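First comes the structure, then the notes that go with it.
Residue numbers start from 1 in every chain, and the chains themselves are labelled A, B, ... in the order their sequence lines are given, proteins ahead of strands. Just so it is clear, the model here is predicted, and its values are computed rather than measured.
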Amino acid sequence: MSRFNALKADAHWQRVWDERRTFAADDASTKPRAYVLEMFPYPSGKIHMGHVRNYTMGDVLARYRRMTGHEVLHPMGWDAFGMPAENAAMEKGVHPGTWTRANIAAMKAQLKRLGFALDWTRELATCEPNYYGHEQALFLDLFAGGLVYRKESSVNWDPVDMTVLANEQVIDGRGWRSGAVVEKRKLSQWFLKITDFADELLDGLGKLEHWPDKVRLMQENWIGKSQGLKFSFVLSSPLPLAGGVGGGPVATDPDTSPPPAPPASGRGEDSVEVFTTRPDTIFGASFVAVAADHPIARALAEGNPAAAAFIERCKQGGTTAAELETQEKLGFDTGLTAQHPLDSSWQLPIYIANFVLMEYGTGAVFGVPAHDQRDFDFARKYGLTIKRVVSDGATDEPAFTDDEAYTGAGTIVNSHFLDGMTIEDAKRAVIDRAEVEGWGTGTTVFRLRDWGVSRQRYWGTPIPIIHCGACGVVPVPQDQLPVILPDDVSFAIPGNPLDRHPTWKHVACPSCGADAVRETDTLDTFVDSSWYFIRFASQPDDQPFDRAEAERWLPVAQYIGGVEHAILHLLYARFWTRALRHIGKLDIAEPFAGLFTQGMVTHETYKSSDGRWLAPDDVRDGTEIATGHPITVGRVEKMSKSKKNTIDPEPIVDQYGADAVRWFMLSDSPPERDLPWSEAGIEGSWRFVQRLWRLFGADIDDVTGDDLPLRKLAHRSTTGVAEAIEGLQFNKAVALLYTLANAIEKAPASADRRTAIDTLLRLASPMVPHLAEEAWGMAGREGLIADAPWPTVDPALLVDDEVTIAVQVNGKLRDTLVVAKGTPKDVLETTALASDKVIRLLEGQSPRKVIVVPDRLVNIVA
RNA sequence: GCGGACGUGGCGAAACCGGUAGACGCAGCGGACUUAAAAUCCGCUUCCCCUGGAGUGCGGGUUCGAGUCCCGCCGUCCGCACCA
């Protein structure tokens with residue numbers, strides 16, 4: 001019998017699936033629906049092993065759901081805007097669109113070769129006007145709904161590339177591409193009001209039962225809800241102001257919508273507002289500190305060179321983790337003092353401090369050195385009072401002699417009316433009193449910031465806004481959408497080609513007809529990926545989606561992707577979905593009912609004798625092929641170009657076929673953990689594919705006879721594999737299939753064996769679909785196995801009538817008994833005590849105690 | 001610093017509610033077939049001082065019984081990070 005010819009079979013069945021549109025989802029179907037989605041790829045040009053693993057997992061689930069009678073939506077598209085296309089344009093002189101579309105074509109061909117059960121009729125690319133035009137419409141809907149605003153904000157500016165960089169693109173203070181020192185610049189940026197949904201997004205996490213705890217926790221921390229007290233200290237002397245500092249820390253653009261945040265300096269120029277989560281320690285305060293860019297600091301700097309110099313110094317501080325770790329707490333005594341809200345005779349010094357962040361809370365804090373480590377360090381350095389107000393039970397003395405701050409539980413002391421209270425009670429008491437007396441309010445503060453979506457880039461969705469000298473910000477009218485990116489752009493010089501395009505940005509104001517200019521910023525590509533799963537579910541020409549149609553598919557039943565998207569993408573998509581609900585476009589709260597984050601594909605790393613990284617192809621039998629020198633084998637790490645330990649899937653598919661690659665992706669490692677790629681592993685997968693082929697191809701006509709144990713195993717395997725796939729435990733499903741295949745190979749010919757082979761074929765078909773179709777066709781079966789049902793299970797065959805009982809003496813295994821299931825306790829005990837080994841161990845003594853667990857074990861305590 | 005996850009053979013890993021630790025795969029070893037090799041098939045494969053003993057990172061505890069539960073360490077990885 002011949003080998004399984006994967007190359008031939010793969011191509012054949014992929015064509016058949018395509019021609020028959022086997023995996024096109026039917027919107028009109030009455031079957032239960034299952035929306036299975038993997039995170040769509042960025043079209044970099046080539047798929048990598050991570051894609052293969054991700055899409056194989058989704059594919060097995062999608063194919064399994066089809067077999068269990070679901071109408072499955074399993075689409076694929078392209079997250080096609082983004083910087084790499086512009087970089088390619090700059091480096092190779094190719095248009096970003098040309099580059100991107102060629103990459104899409106290449107990657108689509110690669111994906112097709114893996115035989116994924118995808119509905120290609122719904123393919124979309126975010127860089128096409130028929131996608132981003134609808135996104136512009138949604139953006140304007142959100143704008144009309146009050147969820148979009150514009151304000152000036154500080155950005156990372158690369159002065160060489162003349163563009164804004166994301167925080168992730170700033171490495172040690174320099175642009176990742178240009179290497180230029182990044183500047184902070186104030187630019188007018190568009191923001192989405194994700195903070196309006198902070199509480200909702202946080203609460204919603206609790207209902208996402210089918211999400212990994214890890215991701216929920218990460219989002220919870222990211223949203224960062226803190227409850228406490230916001231209150232004002234009255235300044236003891238008026239600020240030496242030159243014309244006033246204005247309302248808040250952030251000067252607002254004249255043409256903006258109202259910014260959501262109230263001015264941070266509270267009641268005006270004669271007070272400083274602070275936020276604290278520890279109002280219970282209010283009597284332990286010994287100073288007030290404001291951020292370097294706080295209005296008070298800025299006002300002071302105008303007339304005080306020393307203050308100005310200090311603020312400059314703060315700004316130079318590094319922002320990397322390591323720098324923050326070691327950076328000294330620095331303060332500048334302003335000479336100003338603030339009056340304690342509960343004691344008008346108590347004056348606290350006001351410092352400008354480098355550890356206070358303008359972005360969080362009110363940009364000002366009060367310091368309680370005894371019970372906050374940072375305040376403690378600061379107080380030690382500047383000789384400020386350290387007063388105990390929380391007792392750990394050891395002492396109540398106000399003099400605090402410990403070496404570090406005490407942040408644990410305890411009783412409030414040295415605090416007037418709070419004395420004797422617990423921390424929680426004291427918090428409540430101070431907030432109540434502040435609210436009654438009117439100097440503060442109980443407040444919730446979030447770490448989450450509004451989402452800045454402006455990017456000074458060409459290859460993105462144009463923000464559909466027109467700036468008119470007379471009318472201000474004017475949305476592009478719906479009938480003028482989409483705002484299409486011009487094709488005739490040049491990347492010869494840095495900066496945003498849209499901004500310097502000769503004609504594109506010049507338009508008549510839709511409102512008054514005067515000369516006006518388009519917004520030349522484009523949207524963050526995370527906007528594109530915040531709603532693509534809705535467009536997959538419904539894609540009419542005249543609107544972003546049909547509400548009823550989308551609601552029939554959504555939410556996504558199972559979403560699968562990398563954990564690197566745990567926060568940004570998944571939080572933005574959750575926000576966008578809730579924002580659409582808020583404006584009445586779609587009544588879905590959570591876009592992804594189930595989430596699974598898969599592990600990476602890893603590989604050994606190799607280094608030459610002189611320390612160069614070597615690719616797996618450069619290495620054979622512990623030596624470098626080119627030089628013959630011995631190599632060192634390094635850790636197993638994530639595949640990366642820099643360490644040269646990548647394996648390109650394409651030649652692997654050429655050599656072993658899609659099914660062997662798919663099988664390998666599912667074998668051995670639990671899907672959420674890393675999968676170490678190995679040559680031996682793919683060889684093993686290939687051998688198993690061939691073994692299956694031999695099993696399926698054997699002559700099995702006209703055999704009769706029973707094989708009850710095998711029949712039972714086939715039924716047990718069917719439930720086992722089903723449970724494993726539903727739980728996304730593909731490694732367990734694979735192990736069960738090996739076990740079943742092993743048993744079938746060993747079993748003599750019988751009718752049960754023939755049926756077991758059919759069962760194995762169906763159970764394995766989601767994983768090795770090409771082989772399964774080929775075997776199915778060869779056996780002369782009707783239609784496609786892709787359309788065949790999952791085997792039915794006879795529950796009676798799942799129970800064993802014989803069980804093996806463990807016989808322990810003092811908890812150690814000494815013997816086993818095979819007895820009928822349900823054998824009564826006393827019989828088990830008698831049988832166990834009659835065991836030769838037990839008799840020998842007991843040495844004639846009678847047991848002190850015997851524990852019997854029916855169908856499980858007998859433990860004899862001697 | 002804060003938060004979290006994880007530590008089981010040479011390797012990837014299983015082990016349900018506390019009940020026979022190591023299923024399944026890889027690698028390895030022995031054998032069959034072959035002129036030979038590949039492929040395939042059969043068997044072995046946690047360790048040791050092997051009629052027995054030890055063993056799930058280390059040290060304690062609870063229990064008739066602990067990989068699983070509790071306490072304390074050690075280590076690895078991940079996320080956030082001057083968050084008031």
- line: Of A/Ala364 and A/Leu736, the one whose nearest nucleotide on RNA chain B sits closer to the 5' end is A/Leu736

task: Report the distance from atom CZ of A/Phe4 to atom C1' of B/U40, rounded to the nearest whole Å.
output: 19 Å

query: Which residue, A/Phe366, A/Phe378, A/Phe233, A/Phe376, forms the ring-ring contact (aromatic ring centres under 6.0 Å, His included) with A/Phe287?
result: A/Phe378

statement: 5' to 3', nucleotides 9-16 of chain B under a 4.0 Å protein heavy-atom cut-off (B base, S sugar-phosphate only, - none) gives ---BSSSB

query: What integer distance in Å separates A/Trp693:CH2 from B/U40:P?
result: 17 Å

message: Between A/Arg3 and A/Gln690, is there a side-chain heavy-atom distance shorter than 4.5 Å?
response: yes

Qualifying side-chain hydrogen bond (donor to acceptor under 3.5 Å, both in side chains) pairs with a residue from residues 677-689 of chain A, counting only residues at least two apart or across chains: A/Tyr656-A/Glu679, A/Tyr656-A/Glu683

- request: Find the distance A/Lys812:NZ to B/A21:P and express it as a whole number of Å.
  value: 10 Å

- request: Report the distance from atom CG of A/Leu713 to atom C1' of B/C24, rounded to the nearest whole Å.
  value: 13 Å

statement: Any stem touching RNA chain B, meaning at least three consecutive Watson-Crick or G-U pairs under 3.5 Å, ordered by first number, would be B:1-7 with B:74-80, B:10-12 with B:24-26, B:28-32 with B:40-44, B:46-48 with B:52-54, B:57-61 with B:69-73

query: Heavy atoms under 4.0 Å, any strand shown: does A/Leu217 hit a base, just sugar-phosphate, or nothing?
result: sugar-phosphate

- request: Could you check whether A/Val356 gets within reach of a base, just the sugar-phosphate, or nothing at all, counting any heavy atom under 4.0 Å?
  value: base

- prompt: Reckon A/Ser685 touches a base, only the sugar-phosphate, or nothing at all at heavy-atom distances under 4.0 Å?
  reply: nothing

